[in-house]
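Reading through the structure tokens given below for one structure.
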Amino acid sequence: MRSQRNWAVPRNFCMIWLSRFIHKPTFLLTLCLIVFFLISVISPPALMDDVDSVTAQIARNMVDSGDWVTPRLNGVAYFEKPALRFWIVAVSYLIFGVSDWAARIPIALSAVLLCLLVQAMGRWGFKDDPQDTGTLAGIVLATCVGLFLFTRILLPDVVMTLTTTLAMWSLIRALDEKETHPRRWAMFLAISLGLGFMLKGLVAFVFPVGAGFFYLLFTRQLLRMEAWKRLRPLTGIALILLLCAPWIVLSILRNPPYFDFTTKSEPGQYHGFFWFFFLNEHLFRYLNLRYPRDYNTVPRAAFWLYHLLWLFPWSFYLPFVAKLNFKPIERAGKLRLLCLCWIGFTLLFFTFSTTQEYYSMPCYPAFALLIGAAMAAKPMPDKWAARGTGVVALAASLACIFILWRLRGIAATGDIANVLENQVTTLSLGKAENLTFTSLAWLRVPLGLALLSFVIGVFGAWWKKGRFSTLAFALMMLLFFNAARLAMNTLNPFFGSRPLAEALNASPPGQLVVDDQYYSFSSVFFYANRQALLLNGRKVNLEYGSYAPDAPAVFIRDSDLPAIWQKDKRVYLVASKAELPRFQKLLGAENIQSIREVGGKMLITNQPVAPAIAQQGPEE
């Protein structure tokens with residue numbers, strides 16, 4: 001009995017402490033970050049074709065070759081992006097070894113740090129608010145659709161968003177009259193701009209500099225010498241050059257001609273690194289004059305309206321942002337005004353440029369800070385904003401019920417690729433167009449989990465106790481994102497080509513040929529870790545580098561393939577399954593041996609295969 005009484009006090013104390021901790025918004029933010037980003041590093045289980053595997057393989061090539069200056073794919077120079085996005089993945093490989101989950105760690109950690117930085121920024125700016133506005137802003141950012149969706153692949157935009165956010169906070173901190181260390185924050189501003197450039201190029205300067213210009217203009221500090229003394233622009237430029245110049249100079253020297261200012265972008269011409277990176281990739285791309293045109297653009301109206309989706313479930317709080325005080329009198333008003341300039345300049349910039357769905361990610365933190373401030377305002381807007389989210393959740397619940405009911409007689413057997421549309425797109429969300437109603441039969445479990453999440457959202461929207469709706473919406477997104485993760489796992493054979501690479505690795509050595517451009521089957525290169533001949537692949541991303549003097553002879557045409565196929569040496573071919581009739585006509589059906597078919601793609605060879613390998617065959 002005495003022993004039980006001794007344990008009672010610490011046990012009760014722990015329960016009380018845990019109960020108090022759970023009710024703190026910080027706990028909710030921490031939980032979201034761990035579940036949404038860190039745990040999901042291992043999912044989807046395989047890298048997808050396109051940019052996902054491209055980034056991972058370039059980083060591996062840097063580690064293997066020791067050349068950390070010129071990114072290369074299949075031995076071909078790849079000048080489209082700066083090197084830092086590949087360096088952070090390469091460093092992860094050096095620490096954890098080469099794997100798909102190691103490639104995802106930098107993106108996941110950047111998302112976590114971004115949300116924590118927004119929380120800290122909000123706590124600093126809104127420290128006098130009775131509510132924890134900073135943590136609310138962190139929760140908004142961590143649980144919005146856009147941040148989760150666009151961190152499922154190895155895009156550097158979330159890392160650049162982190163540097164942009166640090167730059168914006170450094171700017172306002174350096175300008176704050178009460179700040180005792182403006183020099184330190186001016187240094188952080190320059191460092192963040194330099195790192196941003198090394199991630200995405202000149203566009204990383206545009207958002208902080210443009211938003212900062214209008215902020216200085218609206219606060220009447222643009223012509224004040226005191227403001228510029230606190231920002232220390234000359235010291236900042238020196239720091240930026242210190243960070244960026246070494247890579248730029250080495251890239252120019254290793255990839256001549258050094259300074260070419262040709263004003264026309266056209267096929268078959270090679271002008272070195274400087275011309276492609278600064279003129280073709282930046283100026284001509286912004287003006288939509290770039291060749292090769294390996295990108296598409298979202299319609300302007302859709303680009304703006306998409307933000308209602310990217311910010312869901314918090315989009316309905318946006319109208320209440322208009323009620324906030326943006327007068328730059330106190331610290332909170334200055335931060336709100338800075339966020340307004342931040343959002344306005346970013347969206348305006350891309351309104352006049354080519355743009356993808358995720359290009360506006362650098363202003364998500366500003367949206368989160370303003371939404372968090374609106375949620376913490378008095379009177380609280382929870383009732384009407386929550387009800388709006390609840391209506392959407394209710395409609396989504398009914399849609400899930402209807403779909404599940406309609407799917408009751410459809411069996412999910414065989415390869416899901418057989419019931420998907422095979423459409424080619426250059427938009428980030430384009431693969432969603434491949435889904436058909438029948439294909440949803442393979443997604444019953446994700447649909448069921450999504451239904452549960454929306455029901456929680458509906459319940460939370462009409463619950464009248466405190467901030468229960470915030471907790472309910474965060475839980476709704478936790479379950480919904482896991483439903484999305486399960487769906488991506490199911491669709492992984494269609495999104496990527498890892499099964500083909502595994503079959504290739506289990507087969508005897510031979511020459512690999514990949515049909516179409518590198519991006520179409522880029523995960524084969526990563527998981528097989530070998531170079532290949534690209535059949536009709538001298539286009540889009542590798543076309544420019546293919547004309548470099550040191551480019552390897554890896555590009556062939558249909559007319560070259562029969563001679564390669566008829567040699568005594570074993571040859572493997574990776575291609576879309578829909579192209580099989582073309583190859584049967586070109587090579588002869590009797591000369592084709594199938595090894596693996598999955599996800600609408602196939603691996604074939606010119607020589608008989610061992611029974612154990614041939615048994616893999618088409619996936620049922």
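All figures in this text were calculated on a predicted structure; none of them were measured in a lab.
Within the 4.5 Å cutoff, the side chain of Leu535 has heavy atoms near those of the Asp558 side chain. Counting only heavy atoms from C-beta outward, the side chains of Phe526 and Ser522 never approach each other to under 4.5 Å. Using a 4.5 Å cut-off on side-chain heavy atoms (C-beta onward), Asn541 and Tyr518 make no contact. Thr161 has its side chain within reach of Pro365: a pair of non-hydrogen atoms, C-beta onward, lies under 4.5 Å apart. Side chains of Asp67 and Met62 form no contact here, defined as non-hydrogen atoms less than 4.5 Å apart. Side-chain contact between Phe481 and Arg485 is absent, with no heavy atoms from C-beta onward closer than 4.5 Å. Under the 4.5 Å side-chain criterion, counting only non-hydrogen atoms from C-beta, Leu586 is in contact with Pro562. Side-chain contact between Arg530 and Leu504 is present, with heavy atoms from C-beta onward closer than 4.5 Å.
Under the 30°/60° scheme for interplanar angles, the aromatic rings of Phe205 and Phe197 are found to lie parallel.
Side-chain contact check for Thr164 and Trp342: no donor-acceptor pair (N or O, by modelled atom type) lies under 3.5 Å.
The structure places CG of Leu573 at 11.0 Å from OG of Ser594, a figure rounded to the nearest 0.5 Å. One finds the CD atom of Gln607 at 9.5 Å from the CD atom of Gln593 (value rounded to the nearest 0.5 Å). Between the CE atom in Met602 and the CD1 atom in Ile595 there is a gap of 11.5 Å [rounded to 0.5 Å]. The CG atom of Leu512 lies 9.0 Å from the CG atom of Leu534; values are rounded to the nearest 0.5 Å. For the atom pair CG of Leu195 and SG of Cys244, the computed distance is 7.5 Å after rounding to the nearest 0.5 Å. Note that CZ of Arg498 and CE of Met48 are 13.5 Å apart. Values are rounded to the nearest 0.5 Å.
The minimum heavy-atom distance linking Pro208 with Met168 is given by the pair CA-SD, 3.6 Å. The heavy-atom pair separating Asn606 from Trp565 by the smallest distance is ND2-O, 2.8 Å. Of all non-hydrogen atoms in Val63 and Trp68, the two that sit nearest each other are CG2-CZ2, 4.2 Å. Across every non-hydrogen atom of Pro106 and Ile88, the tightest pair is CG-O, 3.5 Å. Across every non-hydrogen atom of Thr163 and Leu199, the tightest pair is CG2-CD1, 4.0 Å. Nearest approach of Asp515 to Ala575, heavy atoms of both residues: CB-CB, 3.7 Å.
The main-chain N or O of Gln584 is never found under 3.5 Å from a side-chain atom of Arg582 such that the two would form a donor-acceptor pair. Side-chain N or O atoms of Asp64 include none that pairs as donor or acceptor with a backbone N or O of Asn61 at under 3.5 Å. In this structure, Arg300 contributes its side chain and Thr351 its backbone to a donor-acceptor pair below 3.5 Å. Remark: the backbone N or O of Gln566 is not paired with any side-chain donor or acceptor of Asn591 at under 3.5 angstrom. At distances below 3.5 Å, not a single donor-acceptor pair connects side-chain atoms of His282 with backbone N or O atoms of Gly201. Under the 3.5 Å distance criterion, the side-chain polar atoms of Arg104 are left unmatched by any main-chain donor or acceptor of Arg152. Put simply, the side chain of Asp49 gets close to the backbone of Ser523: a donor and an acceptor are under 3.5 Å apart. At least one donor-acceptor pair closer than 3.5 Å links the side chain of Lys601 to the backbone N or O of Phe494. Looking at Thr151, its side chain does come within 3.5 Å of a backbone N or O of Phe148 through a donor-acceptor pair.
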Show me the donor-acceptor pairs, under 3.5 Å and distance only, between side chains in residues 265-273 and residues at least two apart or in other chains.
unit_1, atom_1, unit_2, atom_2, d
Ser265, OG, Asn280, OD1, 2.6
Ser265, OG, Tyr291, N, 2.9
Ser265, OG, Tyr291, O, 3.1
His271, ND1, Asp260, OD2, 3.1

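Annotation: cation-pi pair Arg60/Tyr93 absent, no NZ/CZ under 6.0 Å from the ring centroid and within 45° of its normal. In this structure, Arg538 is positioned above the aromatic face of Tyr547, its NZ or CZ under 6.0 Å from the six-membered ring centre and within 45° of the axis.
Aromatic ring centroids of Phe278 and Phe79 lie 6.0 Å or more apart. Ring-centre distance between Trp247 and Phe86: not below the 6.0 Å cut-off.
Applying the side-chain hydrogen bond (donor to acceptor under 3.5 Å, both in side chains) definition to pairs two or more places apart or across chains, those involving residues 189-211 are Asp157-Lys200.
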Intermediate values then yes/no, side-chain hydrogen bond (donor to acceptor under 3.5 Å, both in side chains), Thr70 and Arg254: CA-CA 8 Å; Thr70 303; Arg254 293 188 182 184; 5.5 Å; no
Candidate pair Phe213 and Val209, rule side-chain contact (heavy atoms from CB on, under 4.5 Å), full reasoning: CA-CA 6 Å; Phe213 171 84; Val209 172; 5.5 Å; no
Tyr359/Phe349 under side-chain contact (heavy atoms from CB on, under 4.5 Å): CA gap, chis, key distance, verdict: CA-CA 10 Å; Tyr359 278 10; Phe349 176 84; over 6 Å; no
Steps toward side-chain contact (heavy atoms from CB on, under 4.5 Å) verdict (Leu289, Lys264): CA-CA 8 Å; Leu289 299 175; Lys264 186 176 182 181; over 6 Å; no
Worked check of side-chain contact (heavy atoms from CB on, under 4.5 Å) between His307 and Ser360: CA-CA 9 Å; His307 290 85; Ser360 62; 2.6 Å; yes
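Salt bridge status for Arg85 with Glu80: absent, with no side-chain N to carboxylate O gap under 4.0 Å. Note on Asp516 versus Lys539: salt bridge recorded, some NZ/NE/NH1/NH2 to OD/OE distance being below 4.0 Å.
Exactly one of Phe150, Tyr364, Tyr358 qualifies for a ring-ring contact (aromatic ring centres under 6.0 Å, His included) with Trp310. That residue is Phe150. The side-chain contact (heavy atoms from CB on, under 4.5 Å) test with Val158 is passed by exactly one of Leu109, Ile107, Leu113: Ile107.
Shown here are the ring pair (Phe, Tyr, Trp, His ring centres under 6.0 Å) partners of Phe259, two or more places apart in sequence or in another chain: Phe274.
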